[in-house]
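Below, chains carry the letters A, B, ... as their sequence lines are ordered, and counting in each starts from 1.
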There are 2 protein chains.
Amino acid sequence: MTTPNRVTIRDVARRAGVSVATVSRVLGGDYPVLAATRAKVMRAVRELDYVPNAHARNLSAARPGAIAIVVNSVAVPYYALIAQAVEEQAAQEGRLSLICTTGGDTGRELSIVQLLREQRAEAVILVGSVIVDEEYRKRMTEYAHALAAAGSRLVLCGRPPLGEGAPALVVGFDNTGGAHAVTAHLLSAGHRRILYLGLRPGHTTSDSRVAGYRSALAEYGVAADPSLEVEAEFNREAGYAAMNRRLAAGPPDFTAIFAGNDLVAAGAIQSLREHGLRVPEDMSIVGYDDVPPAQDLGLTTVHLPHDELGRAAVRLALGRMGGNPLTLGTHIVVRDSVRPLGPR
Amino acid sequence: MTTPNRVTIRDVARRAGVSVATVSRVLGGDYPVLAATRAKVMRAVRELDYVPNAHARNLSAARPGAIAIVVNSVAVPYYALIAQAVEEQAAQEGRLSLICTTGGDTGRELSIVQLLREQRAEAVILVGSVIVDEEYRKRMTEYAHALAAAGSRLVLCGRPPLGEGAPALVVGFDNTGGAHAVTAHLLSAGHRRILYLGLRPGHTTSDSRVAGYRSALAEYGVAADPSLEVEAEFNREAGYAAMNRRLAAGPPDFTAIFAGNDLVAAGAIQSLREHGLRVPEDMSIVGYDDVPPAQDLGLTTVHLPHDELGRAAVRLALGRMGGNPLTLGTHIVVRDSVRPLGPR
DNA sequence: CATTGCTCAGTAACCGGTTACTCACGTGGA
DNA sequence: TCCACGTGAGTAACCGGTTACTGAGCAATG
């Protein structure tokens, strides 16, 4: 107990009365070994409780590496669903996958990527939207080249493609299309003053949702009103705080809300409730992502095929799929948070 | 690009005009090296973009291993919160941690544990409640011994301690206490017919919550009624289905519900809503865990210190803490799902 | 009976690091 | 001037596997 079990392949070989090569062959693979010999080896393995050392194995022979998925936080449903889907798919492919979290910290992200390079991970799946600036682009391009040089694939999920030549695969959701559709849903219900809650300039996910929102407005001939686009990070607290501020400033000058994602919607709904406004009677609201809170809130939202994304990411990571960059379609899920307005 | 970058320490040594030992020393540690030599080496490392091979490193010198956390599914908030807490704490301790998921499949759990043994993980944190039977006990005891023999620690979270001598550390929540408290909360609000939704014989978490429920009833002199204890797995769908069945059988013969966890409560609330029963006006309900759906539902529930559990698990895993088995306290979070009943 | 060819097992080199041991060299004291 | 000593660097063994190469033993063939 005090001395860790350091049973090596040589111990097994000695016990079984064979050579290390034979043991390795019995354990390893397809090399022909007499049934009797195999039995002797297996018995020795069992008796000694031999566990091959993955590091040694990996060192001598390049084996399929792990698939790593790097997310912000596993406590955010959006990431959790994707991570789960990746794990499922990887398991189906018989691969080890591991989830790493950065907490949104660039420094931690860097050290995780470095660590995955050292581990010779086969693929790194980076998930999540980010502020895309020059510094980001530079960092990602570095990752991409470094990982490619080490023989690993880099898959970006829900992030814009890198520049030409950067060896990164990309898969994401159709944010603009979904945002357009859900905004149109509000418009066709008669809403004309729709608050977009979740502005984040430079943040690609938000930017493309705003784009869909604006294009839908334009399509219905509604002039965009900048005062109806308010900033909020994509979490519950930000939605709550932003809505509180807006309602504190006076009675709402809008009849519906398009929240940047479901968490923002959840926060906004709490704020509305605390201000005595009911959903959907007094205020319509839609979200985005279709993550767990949406169902409990009866929130009309845009469903994202998280499973599909996870599957695609793994298959891209394993080089089983072309078609890059890949955009996955979305669809509206109508629940109970939108109330039709009579035409004025 | 086609040939993976196989820059080794010898390449670096050659380029820097020094020996491999010197390179290793510059990179590795505290051995004295002339500043000029160090500079030469660092430059060569940079120029060649050398990345040390973690496997080789691990093979020659035993280094601190990874901390692995094994959960059912990261898409279940309870697990996600704990996993997140473990990751945070591990990061603070400067350790690599990785999350693995089993999907509740015993076979997959086994192969993950095996794989972690092969990887020489430093510690394995197994989270989540399970059906504890003879087979389970045997399996866990095997894991415990195997991991211990390999020099790894095994930490069980939210599971009962193994038998004497099995080298496993244990930390969990006070389920009986929390269940007692939250049931007492309902009782003191005047409720006498309280449905327990989430019976799962043999399932330790549920069993201890039932125990708390019953002891609170006894304390208030209310006779336990077996027809008020109904089975349901600990997820949303089960809660929904069980409640549907119950309501289909006739009008409710209870005034309050104690759901086995918040997900069950969420499902039950949906069912109630669909049957035209409002919370809390027509039906009081409490949950357990205080995971995200609870806040959105305004659910009175029992808060579990997930963060604390994660921290404790890591510290136990690193041998930084005694006091085993460790039970963490809980407290009620009162929201808006319980309505006082006048004394009859 | 000699030769060829096939099956199965062993020997030893190698994967890419770390580190015990050895040694060259410059300095200060006798 | 000679020797002891401290400093910084090199050589080579080793970690625990895999596998190319070699070879023993035996059946089939000529």
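Checking each of R137(B), K138(B), R139(B) against E135(B) for a salt bridge (charged side-chain N to carboxylate O under 4.0 Å, His left out) leaves exactly one that passes, namely R139(B). For the side chain to side chain contact (heavy atoms under 4.5 Å, CB included) criterion with Y143(B), the lone passing option out of L126(B), L116(B), L162(B), V124(B) is L126(B).
Sorted by first and then second residue, the ring pair (Phe, Tyr, Trp, His ring centres under 6.0 Å) pairs with a member in residues 80-125 of chain B form an empty list; sequence neighbours excluded. Counting only residues at least two apart or in different chains, ring pair (Phe, Tyr, Trp, His ring centres under 6.0 Å) contacts with residues 79-137 of chain A are absent.
Using a 4.0 Å heavy-atom criterion, one finds that L59(A) contacts the bases of the nucleic acid, with or without backbone contacts as well.
Atom-to-atom, CZ of R14(A) to P of dT11(C) comes out at 13 Å; the value is rounded to the nearest Å. For the pair R120(A) CZ and dC15(C) P, the computed distance is 14 Å after rounding to whole Å. In this structure, CG of N58(A) is placed 15 Å from P of dC15(C), rounded to the nearest angstrom. Nucleotide dC14(D) holds its C1' atom 17 Å from the NE2 atom of H55(A), rounded to whole Å.
Side chain of N53(A), nearest nucleotide from dG17(C), dG17(D), dT11(C): dG17(D).
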Could you encode protein contacts along nucleotides 18-28 of chain C as a string, one character per nucleotide from 5' to 3', using B for base contact, S for sugar-phosphate-only contact and - for no contact, with a heavy-atom cut-off of under 4.0 Å?
SBBB-------

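In this structure, CD in E87(A) is found 3.5 Å from OG in S97(A), a value given to the nearest 0.5 Å. For the atom pair CZ (R315(A)) and CD (Q92(A)), the distance works out to 10.5 Å, reported to the nearest 0.5 Å.
A close approach under 4.0 Å does occur between a side-chain nitrogen or oxygen of S19(A) and OP1 or OP2 of dG10(C).
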